[in-house]
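These numbers come from the heavy atoms of this one structure, side chains and all, not from hydrogens, waters or symmetry mates. This is a predicted model, so every value here is computed, not measured.
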Amino acid sequence: MLPIDVAAHGNRWRRRHPAEKAVLGLGLTGCAVALPPWPGSVLVAVAAVTVLLGPAGVAPRQLWRSWRLPLGFCVTGAVPLLFQVGAPGGFLTLAPDGPAQAGQLLLRTSAASLGVLLFAFTTPVSDLLPRLARAGVPAPVVDVALVMYRISFLLLDAVARIRQAQAARLGLTSRAAAWRSVAGLAATAFVRAFDRAARLQVGLAGRGYDGTLRVLVPEAPVDRRFLAASAALPAAVVALTFVLEGLL
């Protein structure tokens, strides 16, 4: 399993209703998008990390391993703002306000990604998707998402096994061998994806699949006090942002 899925199934909020955690995580994400990058995004990031490492009980290493990938996309998106093309000073020059815009974008996107991770780290997909059907999302959309979620783990396991077999057969000893191994890995994974999908379809048909996947959803009553606290944290971030913005 991926680190984020391990944390989602083992955190302290595992048994809470997804709506409670959605108000908190997605509320902080909305604050990161709507509020000024300074100090709003900084407050959102601090609040999200504090909740993840504190009440939610997520390990710092798990958080970093999952956050570093979206953080890389945030940095990649901010770097182009540092330059301008076709200016009088040359074909590629530094933009006058590039560092400020890049810093604001980096603060905003990184804080928003932490808000999304707060929801993802505390809510397993298996708890969320069945409830989306009850909330009005078309059942075929939910079924496709559930099947793809299942197949993704099967393919990741197959890729790991193939990679291990290639390493045991000295398939990574040189650059040329490594490229051949990557090509073989891609081809094998492609074929196995179709094979897994066909076997899954046969298995569903053998179990009387009629177009709807029926799964047991654990009962999780909504805690109004937790829901109120989840809404209070983004509201406090908004209020503190305006206070600090006035002082600064």
J.: Identify all side-chain donor-acceptor contacts of residues 170-189 below 3.5 Å with residues at least two apart in sequence or on another chain.
T.:
unit_1, atom_1, unit_2, atom_2, d
Thr173, OG1, Leu170, O, 3.3
Ser174, OG, Ala177, N, 3.2
Ser181, OG, Gly171, O, 2.6
Ser181, OG, Ala177, O, 2.9
Thr188, OG1, Gly184, O, 2.8

J.: List the steps, then state whether side chain to side chain contact (heavy atoms under 4.5 Å, CB included) holds for Trp64 with Leu71.
T.: CA-CA 10 Å; Trp64 169 245; Leu71 183 61; 4.0 Å; yes
J.: Are side-chain heavy atoms of Ile162 and Arg192 found at a separation under 4.5 Å?
T.: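 Ile162 vs Arg192: side chains touch.
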J.: Which pairs count as salt bridge (charged side-chain N to carboxylate O under 4.0 Å, His left out) when at least one residue sits in residues 56-75, sequence neighbours excluded?
T.: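 Pairs touching residues 56-75 that pass the test: none.
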J.: Kindly give the heavy-atom pair with the smallest separation between Thr123 and Pro18, and that separation in Å.
T.: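 Between these two residues, the closest heavy atoms are CG2-CB, 3.9 Å.
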J.: Would you kindly confirm whether Leu82 and Val75 end up in one hydrophobic cluster when ILVMFWY residues are joined by side chain heavy atoms under 4.5 Å apart?
T.: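 Yes.
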J.: Under a single-linkage rule joining Ile, Leu, Val, Met, Phe, Trp and Tyr whose side-chain heavy atoms are separated by less than 4.5 Å, which residues share a cluster with Phe194?
T.: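 Phe190, all in the cluster of Phe194.
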J.: I'd like a table of donor-acceptor pairs (distance under 3.5 Å, sequence neighbours excluded) in which one partner is a side-chain atom from residues 102-118, with atom names and distances.
T.:
unit_1, atom_1, unit_2, atom_2, d
Arg108, NH1, Ala32, O, 3.3
Arg108, NH1, Val33, O, 2.6
Arg108, NH1, Leu35, O, 2.8
Thr109, OG1, Leu105, O, 2.7
Thr109, OG1, Leu106, O, 3.4
Ser110, OG, Leu106, O, 2.6
Ser110, OG, Leu107, O, 3.2
Ser113, OG, Trp67, NE1, 3.0
Ser113, OG, Thr109, O, 3.3
Ser113, OG, Ser110, O, 2.6

J.: Are Trp13 and Phe121 an aromatic pair, judged by ring center distance below 6.0 Å?
T.: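 No, they do not, as the ring centres are separated by 6.0 Å or more.
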J.: Could you check whether any side-chain heavy atom of Leu128 comes within less than 4.5 Å of a side-chain heavy atom of Phe119, counting everything from C-beta outward?
T.: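 Side-chain contact under 4.5 Å: yes.
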J.: Under 4.5 Å between side-chain heavy atoms, counting indirect links through other Ile/Leu/Val/Met/Phe/Trp/Tyr residues: same cluster for Phe242 and Leu28 or not?
T.: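 In one cluster: yes.
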J.: Does Val44 belong to the same Ile/Leu/Val/Met/Phe/Trp/Tyr cluster as Leu26, with side-chain heavy atoms less than 4.5 Å apart forming each link?
T.: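 No, separate clusters.
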J.: Does the side chain of Val51 come within less than 4.5 Å of Leu233's, by heavy atoms?
T.: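 Counting from C-beta outward, Leu233 and Val51 do come under 4.5 Å.
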J.: Check whether Leu240 and Val238 end up in the same hydrophobic cluster, where Ile, Leu, Val, Met, Phe, Trp and Tyr are linked by side-chain heavy atoms less than 4.5 Å apart.
T.: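 Both belong to a single hydrophobic cluster.
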J.: Give me each pair satisfying salt bridge (charged side-chain N to carboxylate O under 4.0 Å, His left out) with a member in residues 16-42, each pair once, sequence neighbours excluded.
T.: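 Salt bridge (charged side-chain N to carboxylate O under 4.0 Å, His left out) check on residues 16-42 returns Arg16-Glu20, Arg16-Asp223.
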J.: Write out all pairs satisfying salt bridge (charged side-chain N to carboxylate O under 4.0 Å, His left out) with one or both partners inside residues 153-167, taking only residues at least two apart or from two chains.
T.: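 The answer is Asp157-Arg161.
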J.: Tell me whether Leu81 is reachable from Phe83 by hopping between hydrophobic residues (I, L, V, M, F, W, Y) whose side-chain heavy atoms are closer than 4.5 Å.
T.: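 No, it is not one cluster - the side chains of Phe83 and Leu81 are not joined through contacts under 4.5 Å.
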